[in-house]
Structures are given as C-alpha cells and as structure tokens.
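Okay, structure first, notes after.
Owing to the predicted nature of the structure, the values given are computational and were not obtained by experimental measurement.
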Amino acid sequence: MKRIIQDLDYNSICALMQSLGEPKFRAKQLFIGLSQGKSISKISVLGAGLKAKLLEEFEDAPLEIVKTLKSADGTEKYLFRLADGNIIEGVLMKYKYGNTQCVSTQVGCRMGCKFCASTLGGRVRDLTSGEILSQVLLVNSLHAEGKQRGVTNVVLMGSGEPLDNYENVVNFLKNVTAADGINISARNISLSTCGLADKMRLLAEEGIPVNLTVSLHSTTDAERARTMPVANKWKIAEILRACEYYFSKTGRRYIFEYALIDGENCDVKHAEELVELLKGKPCHINLIRLNEVKERSLAAADEKQAYRFLGLLQKGGLSATLRRRTGADIGGACGQLRASFLDT
C-alpha cells in the first residue's frame, strides 16, 4: 500500500511540491482539489507529469464508496473500501441545523463492548489521519452546494475506539479544523470514547476543544464490566476525574452516552444511582435506545422504559435527552453494514 497524501497538511504539501521541483501554486491547486474530495488523477489543473510523479508514491484515492443505503428518514449509510481492500462504514444524518457525518477511526475494534457490532471481528488495523479525513471529504463532495459544505458536523462514533488510535485521530482533528482546509469547527465535532482515561487527559492538552462523549452505560464498575471489558482497567471514578480535567482545560461540558438495555441498566434503581453519580457536574446524558446486534443476546428497552428513565433523570436535576433514532431501517448502528457485507 502506498502513502496517503491526505495525511499531509498544507505546509507538508508545499514542502512536497518543492521537493518535486514544482512551483508553489501547485501546492495550493493540489490541496484545494483534495479538499474537494477528488482523487489525484481527477484534479484536472495538475499536469500529467506531476500526477504521474505523485501516483508513484501516493494512492490515487484512499477509499471509495462501494455501497450506499438510504433510509426513509434521509439518513445515508456508506460502505467504504480502503486502498488495501479493507472495509469500513460511515453514516450521514440529516437534521434541521445541518448534516452530521459519523466516521470510523479503525478497521474493526478491540474494545469488546457487548452491544456493538464493530468489535465482533476485533481490530484489523488503525486508520491513518488521511483515511479518516477522506471519509468526510468524499461524503461532503456528494452533498456540497456551491460554497456551502455538505457536512457541517462530525462525530467520531463509527467503527473503532478513537483514543485507541490517538496520534492519527489528533492529526485528523487538526486537519479537519484547519482554516485552509474543510474548516469544520471543533465545536461541531464530537469524539466518543469508551473511557480511556489517560488518553482523555492527553486530549485535554491538545487545544482542540471538541465535544467529549463517554460511553458510560452503567452506574457501577461491576455492572459496567459485564458489557464493557474496558471497565476492568478504567474505573468510573477515574473516568469522572478525567472528564473534570477535560472541562477545566477546554470549558466544554462533557456528555455521557447511556444505552438502555432491558433487564440490565434501566430500572428505577439505576436512574437514582445515575442522578447520585452525576448531579451537579457540567455534563449532559444522552440516552440511547439500544441497536440490537443479532450476534449478541442484549435486548433494547421499550419506549415506556426509555421515557420513564428519562423522566427520572430530569426530575433528579440532570440535563438529559433521548436520542432520536435514525437509519433503523438500514442498520444504522456502527458495524452492522460491514458485518453483513463481510458475511456475504
């Protein structure tokens, strides 16, 4: 596999052009073309000789869309094939305020969460920063209208644990927020982690104030470990301290995701424990109706349970909402499309 040119920032592309004996304006032409989601060979302003030199070292395109599913609610799910043949997926969710793209950060995942299809085959490899960025650039090119971006918000909630691929993810965040690139505000980006407390603290030091979202899903370490093996290493108390440190460094309140699993974590006792655990903290709780994975035995809470749990949290003084379901008719949960594709 060749190098990924989308891994490079603008200054690095300028240095590359200089090393190839090309004038400086070629760097801008190349960078603009890549930011528009084009492959090297499709950037028409570059000469054939320059393209040939670039293609000796770099992949023409880091990924391609091999399948698209469209939901009745407007959600679009994409299956991407990487240059080495590996498969990842992504989702574009359409809201009144704009379009949010969910991107993958790894091929598969090694965290082992019992409610997630992404982890069924383990982690194959990390994605480079350019492979993560190219998901956004390609989907944006399909939906952009003139100078108006087709992707306005990004969530790192697809396949993989973002903080398990720390260096590449941080480089992606720097490139996707760069003023001379696609320039998506850090405030419009959410990074979801299962709670790698040490990496959460490192992220707080990066100066990229994205929205930090932590998969909590339980109120005690013992219960959390039943569905999330990472709980055997990082305890809830350590995660909360890392969240507080992130808030102190960025001023951004943190968000907890809580998937409602029937018979596991959504009775009155759990709601009361969650209020006790989080009351007074600068956080928001995002309740999720579990997307059931056929390979797992976990079942989703019903609507009545979900709204009762939400009401108890709000009555207890917590900021909480129940996430709107999108893409349920196309297997909207991360890992489901890839898993079905690999089974065929």
Side-chain angles (χ1 to χ4, degrees), residues 1-68 78-90 92 101 103-108 124-144 147 149-151 154 158-160 165 167-184 338 341-342:
M1 182 171 158
K2 300 177 184 178
R3 293 175 63 195
I4 303 298
I5 199 167
Q6 288 81 357
D7 287 337
L8 306 180
D9 60 16
Y10 180 66
N11 289 334
S12 298
I13 287 180
C14 288
L16 173 66
M17 290 297 99
Q18 185 178 19
S19 73
L20 294 175
E22 296 289 337
K24 190 172 182 179
F25 71 86
R26 290 295 185 203
K28 187 171 184 179
Q29 290 177 332
L30 174 58
F31 190 77
I32 290 173
L34 295 174
S35 297
Q36 292 172 341
K38 295 178 181 178
S39 62
I40 294 172
S41 62
K42 297 296 183 184
I43 303 176
S44 58
V45 293
L46 301 181
L50 175 55
K51 290 180 187 179
K53 285 191 284 187
L54 291 172
L55 291 173
E56 287 178 5
E57 185 176 355
F58 297 97
E59 295 289 349
D60 187 23
L63 49 80
E64 62 174 336
I65 296 173
V66 294
K67 189 171 186 178
T68 303
Y78 306 97
L79 201 65
F80 300 104
R81 180 183 288 117
L82 302 172
D84 65 357
N86 273 302
I87 298 295
I88 58 172
E89 61 189 77
L92 185 73
Q101 184 177 350
V103 300
S104 293
T105 56
Q106 296 175 313
V107 182
V124 178
R125 71 170 177 87
D126 291 336
L127 297 183
T128 74
S129 59
E131 288 174 323
I132 304 170
L133 178 63
S134 291
Q135 296 170 59
V136 179
L137 299 180
L138 182 52
V139 172
N140 181 70
S141 71
L142 300 177
H143 295 275
K147 293 184 178 180
R149 283 199 308 266
V151 175
V154 173
S159 298
N165 184 17
E167 184 176 341
N168 284 311
V169 164
V170 168
N171 285 338
F172 159 74
L173 293 174
K174 291 176 180 177
N175 288 339
V176 80
T177 57
D180 50 9
I182 194 170
N183 192 23
I184 294 178
R338 175 177 177 265
F341 183 86
L342 295 178

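Rounded to the nearest 0.5 angstrom, Ile184 CD1 and Thr177 OG1 are separated by 9.5 Å. With values rounded to the nearest 0.5 angstrom, Ile40 atom CD1 is found 10.0 Å from Lys51 atom NZ. Put simply, CG on Leu133 and CG on Asp9 are 11.0 Å apart, with the number rounded to the nearest 0.5 Å. For the atom pair Ile43 CD1 and Gln29 CD, the distance stands at 9.5 Å (nearest 0.5 Å). Interatomic distance, CD of Gln6 versus CG of Leu34, reported as 5.0 Å (0.5 Å rounding). The structure places CG of Leu63 at 6.0 Å from CD of Gln135, a figure rounded to the nearest 0.5 Å.
Considering only heavy atoms from C-beta on, Leu137 comes within 4.5 Å of Ile182 through its side chain. Between Ile5 and Leu30 the shortest side-chain heavy-atom distance falls below 4.5 Å. In this structure the side chain of Leu138 reaches within 4.5 angstrom of the side chain of Phe80, judged on heavy atoms. For the pair Leu82 and Ile88, the minimum side-chain heavy-atom distance is below 4.5 Å.
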Do Val154 and Val103 pass the side chain to side chain contact (heavy atoms under 4.5 Å, CB included) test, and can you show the C-alpha distance, the side-chain angles, and the key distance before you say yes or no? CA-CA 7 Å; Val154 173; Val103 300; 4.2 Å; yes

Using the rule given for side chain to side chain contact (heavy atoms under 4.5 Å, CB included), can you reason through Asp7 versus Ser129, listing the C-alpha separation, both sets of side-chain angles and the distance that settles it, and then say yes or no? CA-CA 5 Å; Asp7 287 337; Ser129 59; 3.3 Å; yes

Derivation of the side chain to side chain contact (heavy atoms under 4.5 Å, CB included) call for Val124 and Gln106: CA-CA 8 Å; Val124 178; Gln106 296 175 313; over 6 Å; no

Is there a side chain to side chain contact (heavy atoms under 4.5 Å, CB included) between His143 and Leu92 once you walk through the steps? CA-CA 10 Å; His143 295 275; Leu92 185 73; 3.4 Å; yes

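One N or O on the side chain of Asp60 and one on the backbone of Ser41 form a donor-acceptor pair closer than 3.5 Å. The backbone N or O of Asn183 sits less than 3.5 Å from a side-chain atom of Arg149, completing a donor-acceptor pair. A distance-only check finds a donor-acceptor pair linking the side chain of Ser104 to the backbone of Ser159 [under 3.5 Å].
For the residue pair Phe31 and Asp180, the shortest heavy atom distance occurs at CE2-O, 2.6 Å. Pairing each heavy atom of Ser35 with each of Gly181, the nearest pair is OG-CA, 4.2 Å. Ile4 and Pro62 get closest at one heavy-atom pair: CG2-CG, 3.8 Å.
Around NZ of Lys28, the count of heavy atoms belonging to other residues, nucleotides or ligands within 6.0 Å does not exceed 12. Annotation for Lys2: atom NZ counts as buried by contact number, over 12 foreign heavy atoms lying within 6.0 Å.
Ionic pairing of Arg125 and Glu131 is present here: one or more N-O contacts between side-chain nitrogen and carboxylate oxygen are shorter than 4.0 angstrom.
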Kindly list each side-chain donor-acceptor pair under 3.5 angstrom involving residues 16-23, sequence neighbours excluded, with atom names and distances?
from	atom 1	to	atom 2	distance (Å)
Ser19	OG	Leu16	O	2.6
Glu22	OE2	Lys53	NZ	3.3

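A donor-acceptor contact closer than 3.5 angstrom links the side chains of Asn168 and Asn165.
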